[in-house]
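Heads up, the thing below is written out as structure tokens.
Please read these numbers as outputs of a predicted model, since none were measured by experiment.
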Amino acid sequence: MSEDDNNSDEYPTEIHDYLSAFEKSLCSVDEMLKTMMSVSRSELLQKLDPLEQAKLDLVSVYTLNSMFWVYLATQGINPKEHPVKQELERIRTYMNKVKEITDKKKASRLDKGAASRFVKNALWEPNAENEQSPKIPAKGKKRQ
């Protein structure tokens with residue numbers, strides 16, 4: 001018998017697909033952690049601007065707290081009644097603040113000088129040339 005056959009006896013077959021997906025997710029998290037751990041934190045932070053550093057810190061702490069949430073759930077503790085829930089909400093608030101700052105940076109800005117030049121040049125201003133030019137007779141009236 002293979003190892004998979006032994007494991008299938010331990011849990012209901014209905015949840016096999018869920019467990020397989022969970023295992024794949026854990027493997028991808030493990031790969032990402034190995035990648036992040038391969039570079040020292042100080043090296044990584046030196047390459048990033050302050051906003052990117054804040055994003056990295058928030059994602060790291062959110063991930064850590066989410067993993068603790070999962071740990072509590074596997075231990076039979078309701079994480080919704082644990083202080084980790086308030087911590088996750090606090091982190092989400094900061095993530096939203098960082099997102100607002102990022103969105104403000106991306107928003108287009110108005111160049112007031114250029115806008116005033118456009119308006120000024122678009123408006124007709126009478127000048128000496130225009131005042132001396134012969135007037136065009138109104139439609140329907142004949143010149144004598």
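By the side-chain contact (heavy atoms from CB on, under 4.5 Å) test, Asn78 pairs with Lys80, Glu81, sequence neighbours left out. Contacts of Ser40 classified as side-chain contact (heavy atoms from CB on, under 4.5 Å), with partners at least two apart in sequence or in another chain: Ser42, Glu43. Legend: residues meeting side-chain contact (heavy atoms from CB on, under 4.5 Å) with Leu45, ordered by chain and number and at least two apart, are Arg41, Gln53, Leu56. Judged as a side chain to side chain donor-acceptor pair (under 3.5 Å), and not counting sequence neighbours, the contacts of Lys99 are Asp103. With sequence neighbours excluded, no residue forms a side chain to side chain donor-acceptor pair (under 3.5 Å) with Tyr71. Partners of Arg117 by salt bridge (charged side-chain N to carboxylate O under 4.0 Å, His left out), not counting sequence neighbours: none found. Residues that satisfy the salt bridge (charged side-chain N to carboxylate O under 4.0 Å, His left out) test with Lys97, not counting sequence neighbours, are absent from this structure. Applying the side-chain contact (heavy atoms from CB on, under 4.5 Å) criterion to Ile101, with sequence neighbours excluded, gives Leu51.
Lys55 is listed as a side-chain neighbour of Thr102, based on a closest heavy-atom distance under 4.5 Å.
Hydrophobic clustering, with ILVMFWY side chains joined whenever heavy atoms are under 4.5 angstrom apart, keeps Val70 apart from Met67. Linking ILVMFWY residues whenever their side-chain heavy atoms come closer than 4.5 Å, directly or via other members, places Trp69 and Ile77 in the same cluster.
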Under 3.5 Å, sequence neighbours excluded: what are the donor-acceptor pairs made by side chains of residues 83-91?
residue : atom : partner : partner atom : Å
Glu87   : OE1  : Arg90   : NE           : 3.3
Glu87   : OE2  : Arg90   : NH2          : 2.7

Name each donor-acceptor pair under 3.5 Å that joins a side chain in residues 27-37 to protein atoms two or more places apart or in another chain, with its distance.
residue : atom : partner : partner atom : Å
Ser28   : OG   : Ser25   : O            : 2.8
Asp30   : OD2  : Lys34   : NZ           : 3.4
Thr35   : OG1  : Glu31   : O            : 2.9

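Counting only residues at least two apart or on different chains, the ring-ring contact (aromatic ring centres under 6.0 Å, His included) pairs with a member in residues 72-102 are Phe68-His82. Residue pairs meeting the salt bridge (Lys or Arg N to Asp or Glu O under 4.0 Å) criterion with at least one partner in residues 11-24, sequence neighbours excluded, are absent.
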